[in-house]
Structures are given as structure tokens and as C-alpha cells.
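Okay, structure first, notes after.
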Amino acid sequence: MPSRVARRVTAAALLCAAVAACGDAGGLEGAGPTPTAVGPARLWPGLTPASSPGWDYDEAETEVVKGVRVPGDDIRGADPVAVVRAEIAAHPEDYAGARAPYRETARLFRDCGGPAGAGRPACPLLEPYYRDLTGDGREDMTLGFRLLPAKMTAVRVYTVDDRHRLVRVMENDDAVSAVELAGRSVIIRAPSEVPGYEYRLQWTWDPDQRAMLLTHDEMLRTGGRQRPARPSQSPSPSPSPAAGAP
């Protein structure tokens with residue numbers, strides 16, 4: 001599949017050719033030889049197809065958020081701090097105990113005082129964003145919060161189902177450098193150990209699974225040649241303007 005840059009260059013070349021042709025009395029001009037299409041070559045045709053996945057990516061897992069009210073099924077009425085606290089309570093293996101990887105996050109969330117706590121320096125919660133990601137005409141909620149002391153960022157998406165329950169339909173924990181919302185997708189960019197490259201993960205709503213699936217996972221060139229910081233040292237992400245105002 002051609003890169004996004006290659007597609008842009010090709011489109012620009014075609015546009016320029018078309019414009020030149022329209023203003024040239026001599027008619028259309030050739031754009032040069034067209035590369036011969038090469039079909040895919042299938043390797044090891046006798047290989048027995050796998051019947052089950054080798055790794056569990058938790059791609060279609062959802063979770064009902066217990067103990068958080070959503071008045072009138074309006075997700076803006078749900079307290080973002082209470083939502084994260086409910087996750088902390090439901091997953092003590094991640095947040096409680098000396099060996100829990102995100103124990104510092106749990107401690108700091110005790111100081112988050114309601115929705116206004118998102119702007120307090122001690123609170124790891126980032127600003128929530130609201131947009132219809134499921135296509136049902138109602139807003140969904142995208143939350144982010146810092147995972148400490150691991151120095152990573154949690155990205156979560158919540159919706160209200162037909163049974164009036166708050167449901168988490170997407171989760172991702174990573175060293176995040178940027179997050180964007182586009183259409184029915186959440187796009188997460190993360191630093192790579194390879195100089196000049198970054199990871200780009202796209203989670204997209206799937207109406208059959210009633211969850212957001214990892215539809216794209218790719219490594220892209222960023223143009224720089226400087227070696228990026230290690231994931232454990234990545235800075236806090238800033239919400240992308242593409243996400244829209246909350």
C-alpha cells in the first residue's frame with residue numbers, strides 16, 4: 001500500500017497535469033511510463049492455517065462501569081473522576097499494593113475533587129473530550145489519565161448502552177505522544193525506539209462487536225533523525241485540536 005506522502009505527491013502530479021492539459025491547445029500530455037503491477041506472492045502454501053490467535057490483544061473487550069450514574073443517558077453528566085476511581089477499584093492488581101504498576105495513580109486520584117479536579121496539578125486526569133464515536137447520535141466520552149510511576153498514559157472511551165449503563169468500549173495504555181479523534185476512530189501516536197519513526201495505532205468503532213477495534217497498527221516515518229526519548233520518559237500528551245472542544 002503506498003504511503004500517505006506518496007499518495008499526496010501522486011495526486012498533486014495528476015492535478016498539475018490536468019490543469020496544464022486544460023490550458024494547453026495541444027491536448028493531453030503523457031505522464032511517463034506506468035510501473036507494472038506485481039501481484040502478491042503467497043509463501044508456504046502448504047502451511048496449516050492457524051485456528052486461534054497467538055496473542056491476546058484485548059481488542060474487543062468491554063467493561064461495564066459500576067457505581068457511576070449517567071443522568072438521562074447524557075454522558076456529560078457522568079463524573080470523569082468517579083469513572084477512573086471505579087476502574088481503580090475494579091482492578092486492584094494494577095492500582096493497589098506495593099507491586100502494582102500504577103499505584104501512584106491511585107494515590108493521586110484520592111486528591112481529585114470531583115470534575116473540577118481535572119485541572120488540579122496533583123490530579124492525573126486529563127481534560128475529557130466528548131464526541132459521537134459510535135454513530136448513535138449521542139456523545140461518547142474519551143478520557144486520558146497519567147499512569148504513575150510507569151510514566152505512561154491511559155486512553156479510554158466510554159459510551160452509554162441500550163440498558164442505560166456506562167460501558168468502557170476501548171482502552172489503551174502506552175507512552176503516548178499525541179491523541180486525535182477522527183470520524184469513528186481514536187488515533188494514538190507513540191514514540192518508537194527506531195530513530196525518525198513513530199507508532200500509529202487507530203481504534204475504530206465496530207457496530208457488530210459493540211466495541212472499538214484496533215484496525216491499524218503501523219510504524220511511520222516522522223522525518224527527524226534524532227533518537228526519540230525512551231517511552232518511560234515521554235512527555236504528557238496534549239489533546240489534539242482535531243478532537244474538538246469538550
Side-chain angles (χ1 to χ4, degrees), residues 1-11 40 43 50 52-63 84 87 91 93-95 100-102 104-105 124-129 131 133-134 140-159 168-206 209 211-244:
M1 179 181 294
S3 66
R4 291 178 296 163
V5 174
R7 289 199 295 268
R8 290 197 190 102
V9 171
T10 302
L43 306 185
S52 60
W55 306 100
D56 181 9
Y57 291 101
D58 300 332
E59 292 173 341
E61 289 192 0
T62 62
E63 183 174 284
V84 180
E87 175 176 324
H91 298 277
E93 69 279 5
D94 293 330
Y95 298 99
Y102 312 137
E104 185 70 9
T105 292
L125 182 65
L126 303 177
E127 182 180 8
Y129 283 84
R131 176 179 287 190
L133 295 174
T134 61
D140 304 297
M141 178 169 64
T142 302
L143 287 185
F145 56 94
R146 299 292 286 155
L147 295 170
L148 303 169
K151 295 185 179 180
M152 297 198 302
T153 302
V155 180
R156 307 284 189 265
V157 175
Y158 301 88
T159 190
R168 189 196 68 211
V169 294
M170 175 262 178
E171 65 170 325
N172 184 86
D173 300 335
D174 205 342
V176 174
S177 55
V179 180
E180 302 171 352
L181 300 182
R184 301 284 179 261
S185 299
V186 178
I187 301 170
I188 299 175
R189 299 179 184 271
S192 166
E193 287 291 331
V194 180
Y197 288 83
E198 69 175 2
Y199 293 110
R200 180 182 182 275
L201 292 82
Q202 180 172 328
W203 298 77
T204 305
W205 173 253
D206 187 286
Q209 297 296 325
M212 302 196 76
L213 304 184
L214 182 59
T215 52
H216 292 82
D217 183 355
E218 55 189 343
M219 177 181 276
L220 299 176
R221 187 170 183 83
T222 60
R225 298 186 61 84
Q226 296 295 323
R227 190 173 185 85
R230 297 182 64 85
S232 61
Q233 299 174 347
S234 62
S236 302
S238 298
S240 166

> How far does CG of Leu148 sit from CE of Met152, to the nearest 0.5 angstrom?
Replying inline: 10.0 Å
>> Ignoring hydrogens, what is the shortest heavy-atom contact between Val84 and Phe145? Give both atom names and the distance.
In response: CG2-CD2, 3.8 Å
> Under 3.5 Å, side chain of Thr153 to main-chain N/O of Arg146, donor-acceptor pair present?
Replying inline: no
>> Quick one, Leu181 with Val186, criterion side chain to side chain contact (heavy atoms under 4.5 Å, CB included). Give me CA distance, side-chain angles, the key distance, then yes/no.
In response: CA-CA 5 Å; Leu181 300 182; Val186 178; 3.6 Å; yes
> side chain to side chain donor-acceptor pair (under 3.5 Å) with Ser185: which residues, sequence neighbours excluded?
Replying inline: Gln202, Thr204
> Short question: side chain of Ser177, backbone of Arg189 - any donor-acceptor pair under 3.5 Å?
Replying inline: yes
> With sequence neighbours left out, what residues match Asn172 under side chain to side chain contact (heavy atoms under 4.5 Å, CB included)?
Replying inline: Met170, Asp174, Ile188, Leu201, Trp203
>> Just to verify, what does Thr134 make a side chain to side chain contact (heavy atoms under 4.5 Å, CB included) with, not counting sequence neighbours?
In response: Asp132, Asp136, Asp140, Thr159, Trp205
>> Could you work out, with side chain to side chain donor-acceptor pair (under 3.5 Å) as the rule, every residue matching Asp173, not counting sequence neighbours?
In response: Arg156
>> Could you check whether any side-chain N or O of Thr142 sits under 3.5 Å from a backbone N or O of Val157, counting only pairs where one atom can act as donor and the other as acceptor?
In response: no
>> Please find the pair of heavy atoms, one from Ser192 and one from Met219, that lie closest to each other, and give the distance.
In response: OG-CE, 3.4 Å
> In a check of side chain to side chain contact (heavy atoms under 4.5 Å, CB included) between Met212 and each of Asp206, Thr62, Val169, which one passes?
Replying inline: Val169
>> Holding to side chain to side chain contact (heavy atoms under 4.5 Å, CB included), I want the full list of residues that pass it with His91, two or more places apart in sequence or in another chain.
In response: Glu63, Glu87, Glu93, Asp94, Tyr95, Arg168
> Among all residues two or more places apart in sequence or in another chain, which pass the side chain to side chain contact (heavy atoms under 4.5 Å, CB included) test with Pro149?
Replying inline: Arg103, Glu104
